[in-house]
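Shown next, in structure tokens, is the structure this report addresses.
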Amino acid sequence: PAPLDLNAATAAELDALPGIGPVLAARIVEHRRQHGAFRSVEELLSVRGIGPRLLARLRPALREPPG
């Protein structure tokens with residue numbers, strides 16, 4: 001599958017990623033709502049429950065935001 005756009009993905013699309021369940025997907029969407037668009041995939045580290053290991057696992061499935 002094509003890499004997912006972190007700033008356009010729905011909670012359901014995020015939930016389908018490896019290591020992300022419904023709770024973490026909802027946290028990502030909520031973080032995006034409160035803080036605006038992610039400027040990089042690295043910013044996922046500011047979401048509670050996402051650490052360096054999970055980020056490394058997710059990176060191939062996510063497209064880096066433009067800019």
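Keep in mind that the numbers below use all heavy atoms, side chains included, and drop hydrogens, waters and symmetry copies.
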TODO: Any chance you could measure I28, atom CD1, to E43, atom CD, to the nearest 0.5 Å?
DONE: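 These two atoms lie 12.5 Å from each other.
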
Task: Between CZ on residue R63 and CG on residue L4, distance to nearest 0.5 Å - done: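 Separation between the atoms: 7.5 Å.
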
TODO: Work out which heavy atom in L45 is nearest to a heavy atom in P52; give both atom names and the distance.
DONE: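 Minimum heavy-atom separation between L45 and P52: CD2-N, 3.7 Å.
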
Task: Nearest heavy atoms of A25 and L14, plus distance in Å - done: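 Between these two residues, the closest heavy atoms are CB-CB, 3.9 Å.
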
TODO: For P18, enumerate each residue passing the side-chain contact (heavy atoms from CB on, under 4.5 Å) test, keeping only those at least two apart in sequence or located in another chain.
DONE: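 Counting only residues at least two positions away or on another chain, P18 forms a side-chain contact (heavy atoms from CB on, under 4.5 Å) with R57, L58.
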
Open item on the list: Consider side-chain contact (heavy atoms from CB on, under 4.5 Å). Of L24, L17, L44, which one does L54 pass it with?
Closed with: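 Only match with L54 under side-chain contact (heavy atoms from CB on, under 4.5 Å): L24.
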
TODO: Hey, could you give me each pair passing ring-ring contact (aromatic ring centres under 6.0 Å, His included) that has a residue in residues 7-36? Not counting sequence neighbours.
DONE: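 ring-ring contact (aromatic ring centres under 6.0 Å, His included) check on residues 7-36 returns H31-H35, H31-F38.
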
Open item on the list: Taking side-chain hydrogen bond (donor to acceptor under 3.5 Å, both in side chains) as the definition, give me every residue that meets it alongside E42, ordered by chain and number, with sequence neighbours left out.
Closed with: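 Partners of E42 under the side-chain hydrogen bond (donor to acceptor under 3.5 Å, both in side chains) test: R59.
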
Open item on the list: A side-chain contact here means heavy atoms from C-beta on lying under 4.5 Å apart; do D5 and P65 qualify?
Closed with: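 Side-chain contact under 4.5 Å: no.
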
TODO: Hey, could you give me each pair passing salt bridge (Lys or Arg N to Asp or Glu O under 4.0 Å) that has a residue in residues 14-37? Not counting sequence neighbours.
DONE: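 Qualifying pairs, neighbours excluded: E30-R33.
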
